[in-house]
Amino acid sequence: MGIDITHKKKNTSRKEPKSNDLYLRLLVKLYRFLARRTDAPFNRVVLKRLYMSRINRPPISISRVSRQMRSDDRKSKFAVVVGTVTDDIRLFKLQKLTVCALHVTEGARARILKAGGEILTFDQLALKAPKGENTILLQGPRKAREAVKHFGPAPGSRHSHTKPYGPRTNGRKN
């Protein structure tokens, strides 16, 4: 008798966040409603990013947000980050920004407010722009983690730029 193999592929995409954070769960509830009731893809993207793990929601520096919002057509728009906005001391002058993020560090918050900008939460954004109009969705660099430098072909093999783990020495090991 043969083996009956089921060729059903399991859907592995998240349908809810793994975190038990009450405020994150409330945001998911809000954006689940908005994604269902509006035809705007913005709400579906934000909902999907709210489900993501911390590794897939990397922090973005205030200088990167500033650089993305520098052009004239983006000056009056909201910068939306589903993650953390961090301070960058290398940036001397900051323009007026309206930022919506899950979390803004103390230094970044002080600098945005000092420049005459505004910081919104996602529930405030849902009231101001329920369909995501006049918003720019931004993400931090996912591949900037230290761990990613160690991924790839073995260190020392041809054309490998993979970083080795631990100290590497030449010569005899006693």
To the nearest 0.5 angstrom, please state how far the NE2 atom of His161 sits from the NE2 atom of His159. 8.5 Å

Could you please spell out the steps behind the side-chain contact (heavy atoms from CB on, under 4.5 Å) verdict for Phe151 and Thr162? CA-CA 6 Å; Phe151 300 163; Thr162 309; 5.9 Å; no

Do you know which two heavy atoms are closest between Ser53 and Arg14, and how far apart they sit? N-NH1, 3.6 Å

Taking a hydrophobic cluster as the set of Ile, Leu, Val, Met, Phe, Trp and Tyr residues connected by side-chain heavy atoms closer than 4.5 Å, whether directly or through intermediates, do Val80 and Leu47 fall within one such cluster? yes

Considering non-hydrogen atoms only, spot the tightest contact between Gly83 and Ala101 and give its length. O-CB, 3.8 Å

Less than 4.5 Å apart, side chain to side chain, heavy atoms only: is that true for Leu50 and Pro17? no

Expected output: side-chain Tyr51 to main-chain Lys15 donor-acceptor under 3.5 Å: yes

For a quick check under 3.5 Å, do Ser19 and Asp21 share a side-chain donor-acceptor pair by atom type? no

Following the transitive rule for hydrophobic clusters with a side-chain heavy-atom cut-off under 4.5 Å over Ile, Leu, Val, Met, Phe, Trp and Tyr, establish whether Val65 and Leu102 coincide in one cluster. no

Does Lys75 form a side-chain contact (heavy atoms from CB on, under 4.5 Å) with Asp72? I'd like the steps, not just the answer. CA-CA 5 Å; Lys75 288 216 190 287; Asp72 291 330; 3.6 Å; yes

Under a 4.5 Å cut-off applied to non-hydrogen side-chain atoms, are Phe122 and Val46 in contact? yes

I'd like to know whether Leu138 forms a side-chain contact (heavy atoms from CB on, under 4.5 Å) with Ile136, so could you lay out the CA-CA distance, the side-chain angles of the two residues, the decisive distance to 0.1 Å, and finally the verdict. CA-CA 6 Å; Leu138 300 173; Ile136 304 292; 3.9 Å; yes

Thr84 vs Arg57 side-chain heavy atoms within contact, under 4.5 Å: no

Heavy-atom closest contact (Phe78 atom, Ala129 atom, distance): CE1-CB, 4.3 Å

Look up atom CG in Leu127 and atom CG in Asp123, then write down how far apart they are to the nearest 0.5 Å. 7.0 Å

Which residues pass the ring-ring contact (aromatic ring centres under 6.0 Å, His included) test with His150, sequence neighbours left out? Tyr165

Exercise: identify the closest heavy-atom pair between Pro153 and Ser160: O-OG, 3.2 Å

Heavy-atom count around Ile89 CD1 within 6.0 Å, excluding the residue itself: above 12? no

Heavy-atom nearest pair, Arg74 first then Met69, reads O-CE, 3.5 Å

Straight-line distance of Thr98 OG1 to Ile112 CD1, nearest 0.5 Å: 9.5 Å

For Phe92, all residues meeting ring-ring contact (aromatic ring centres under 6.0 Å, His included), sequence neighbours excluded: none

Could you state the interatomic distance from CG (Leu27) to CZ (Arg32), rounded to the nearest 0.5 Å? 12.0 Å

Measure the shortest side-chain to side-chain distance between Phe42 and Leu34 over non-hydrogen atoms and say whether it is less than 4.5 angstrom. no

Arg54 atom CZ, over 12 foreign heavy atoms within 6.0 Å: no

Do Ser66 and Gln95 touch side chain to side chain, with heavy atoms closer than 4.5 Å? yes

So that I can tick it off, tell me whether Arg109 and Glu106 are bridged by a salt bridge, with the cut-off set at under 4.0 angstrom between side-chain N and carboxylate O. no

Are any of the side-chain nitrogens in Glu118 or Lys128 under 4.0 Å away from the carboxylate oxygens of its partner? yes

All pairs passing salt bridge (charged side-chain N to carboxylate O under 4.0 Å, His left out) where residues 77-99 contributes a residue, at least two apart: Asp87-Arg111, Asp88-Arg90

Treating Ile, Leu, Val, Met, Phe, Trp and Tyr as nodes and any side-chain heavy-atom pair under 4.5 angstrom as an edge, say whether Val82 and Ile60 lie in one connected cluster. no

Please determine whether the number of non-hydrogen atoms from other residues, nucleotides or ligands lying under 6.0 Å from atom CG of Leu22 exceeds 12. yes

Quick check: is Val45 connected to Leu120 through a chain of hydrophobic side chains (ILVMFWY, heavy atoms under 4.5 Å apart)? yes

Look at the side-chain heavy atoms of Ile, Leu, Val, Met, Phe, Trp and Tyr, link any pair under 4.5 Å apart, and say whether Val85 and Leu24 land in one connected group. no

In short, Pro58 meets Gly140 closest at the heavy-atom pair CG-O, 3.3 Å

Quick one: are Ile62 and Thr86 in side-chain contact, heavy atoms under 4.5 Å? no

Any heavy-atom pair between the side chains of Phe33 and Asn43 that's under 4.5 Å? no

Hey, are the side chains of Cys100 and Thr121 touching, using non-hydrogen atoms and a 4.5 Å cut-off? no

Please determine whether side-chain contact (heavy atoms from CB on, under 4.5 Å) holds for the pair Arg25 and Asn20, giving the CA-CA distance in whole Å, both sets of side-chain angles, and the decisive distance to 0.1 Å. CA-CA 7 Å; Arg25 296 249 170 201; Asn20 291 323; 3.7 Å; yes

Going from CG on Leu97 to CG on Leu94, what distance comes out if it is rounded to the nearest 0.5 angstrom? 5.0 Å

Just verifying a value: how many Å separate Arg44 CZ and Arg36 CZ, rounded to the nearest 0.5 Å? 13.0 Å

